[in-house]
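Note: hydrogens, waters and symmetry copies are ignored here, and every other heavy atom, side chains too, is used.
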Amino acid sequence: MDPTLYKDLKVSRGFVYHYFYAPASPGYPTLLFIHGFPSSSYDWHRQVKYFRPKGYGLLVPDTLGSGGTSKPEDPEAFRFALSARDIVDVLDAEGLDKVVGIAHDWGSALLSRLANLFAERFYAFAWIAIGYNPPRPHALDVDGLLTYLEAKTGNSHYGYWKHFSEDDAHRKYEQNIDSFLHLIYPKSPEVWLEWLTPVGKARQWIEENRTTDLPEWLTQEEYNHFRSTLLNGSLKSTFNYYKAAVRSVNAQDDKKIPEEAWTVRKPALFVAALHDAVGTLAVGLPNIEKYVPHAKVVRIDAGHWVQLEATERLNEELRIWIEGLGLHSVKQNL
C-alpha cells in the first residue's frame, strides 16, 4: 500500500486515526475496509491492489489500538459505539457521504455498530468470516457462553478470550512474538481447534513458545510486516477488544439502540469461511438469517484469513456483489 496515501486525523474524541485513502474515479463508490485483530490496514493490501485500478475509492483505517492509530490502554475507549463515531469522523473529513462497508474479525463487530447507528452513511455492508453482531444490551456471561457453544457445536469457539483479556497477557505474547504469529496464522485450521478455541490452550501454547508450519498463502514479507506492526505497541492496546468484550463495556451503549435498528435493511453480503474454527457457520449464520435476512451468503473453502488464503475468490465475490449494487455514477461529496 502506497505510504504516501496515508493520512492522520484527530477525531472528535481526541484520538488520532491513521488511514489509507485513495479517492474514487468519477462515478465510482468508495469502499471502506475495516480490519480485525491482531492486524492493521495492511490486512487488506491485496484487496487494495485489486480494486484501486478499477476506479473504486478506498478508505482503509488502522482501527483503534492498531498500526499508526492511537493506542489507548483503557478498555472503555474501545466501545464500538465510540469507534463507530470515529469512523464517521473520518468519512466527514474526506467528504464521503456514503460508502460500502467491508469488514473482518473484530472489524465485523465495528461494522455492525455502524449499521445500527449510522446506516444512512452506507450503501451496503459486507461481513467476512465473522458475521453481523447484533447489540448485546446485557452483561456477557463468558463462561456460560463457552459452555453453551461447547454443548451445541462441540467447539467453545472463544476459549482464548479468557487469556487474551488478562491485564498482562500482552507481555508473554510480545516476548514470544513468533509463537504468537504461528498460532494466529497456522498452516492447518486444526491448530485453532486444538490450541486456540479450548480454554487454557492459548496460554499453554505461548508459555511453551510453540511454533508450527506457516501457510503457503502467507508471504515472508507479509509475516515480517505483521510482526513489526505488533511489536510497535499494537498488541498491548488491541488486547483491549477482548477486555471490553469480557467486561461488557459495550452494554451501556447497546441498551440505547432501538430494536428496530438491530435489523439491517441495506444490501448485505456474508462471506462464510468454511474452515474457520472461530467464525463457524453455526455461530455466524443465525444472526444473518435473523437480522439480515436478505443478505447474499457466499461460502468459501478457507480458514479465518479469507482475504489472504482465498484472495482471488474473495476479490471476485466482492466485485460481483459490488457491481450488482448499481452504484456507478454515484456522487461522493457531501
So, do [X] and [Y] have ring centers that fall under 6.0 Å from each other?
X: F37; Y: Y242; value: yes
X: H304; Y: W192; value: yes
X: H170; Y: F239; value: no
X: W161; Y: F164; value: no

Distance-minimising heavy-atom pair for L149 and S156: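 Scanning both residues, the minimum pair turns out to be CD1-O, 3.6 Å.
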Straight-line distance of L31 CG to I102 CD1, nearest 0.5 Å: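 So the CG of L31 and the CD1 of I102 are separated by 5.0 Å.
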In plain terms, say whether [X] and [Y] are close enough for a salt bridge, that is, a side-chain N and a carboxylate O under 4.0 Å apart.
X: E94; Y: K7; value: yes
X: R203; Y: E166; value: yes
X: R46; Y: E222; value: yes
X: D254; Y: R136; value: no
X: E174; Y: R171; value: no

Short side-chain donor-acceptor distance under 3.5 Å, D86 and Y17: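 Y17 vs D86: donor-acceptor pair found between side chains.
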Pair H35-T63, side-chain hydrogen bond (donor to acceptor under 3.5 Å, both in side chains): steps then yes or no: CA-CA 7 Å; H35 69 85; T63 60; 3.2 Å; yes
4.5 Å side-chain heavy-atom contact, K187 and E216: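 They are in contact (side-chain heavy atoms under 4.5 Å apart), so the answer is yes.
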N224/R227 under side-chain hydrogen bond (donor to acceptor under 3.5 Å, both in side chains): CA gap, chis, key distance, verdict: CA-CA 5 Å; N224 292 343; R227 191 179 191 278; over 6 Å; no
Member of Y223, W195, Y173 meeting the ring pair (Phe, Tyr, Trp, His ring centres under 6.0 Å) criterion with F180: Y173
Candidate list Y132, W106, Y291, test ring pair (Phe, Tyr, Trp, His ring centres under 6.0 Å), partner W127, passing option: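 So the option named by the test is Y132.
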Ring pair (Phe, Tyr, Trp, His ring centres under 6.0 Å) assessment of F226 paired with Y185: CA-CA 10 Å; F226 294 146; Y185 301 102; 5.0 Å; yes
Ring geometry between H104 and W305 (parallel below 30°, tilted from 30 to 60°, perpendicular above 60°):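 The arrangement is tilted - the two ring planes meet at 30° to 60°.
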Six-ring centre of Y50, K54 cation under 6.0 angstrom, axis tolerance 45°: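 Because its charged atom sits under 6.0 Å from the ring centre and within 45° of the axis, K54 does stack over Y50.
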Those residues that, when tested against Q47, pass side-chain contact (heavy atoms from CB on, under 4.5 Å) (two or more places apart):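 Per chain and number, Q47 pairs via side-chain contact (heavy atoms from CB on, under 4.5 Å) with F33, W44, F51, Q307, T311, L314, N315.
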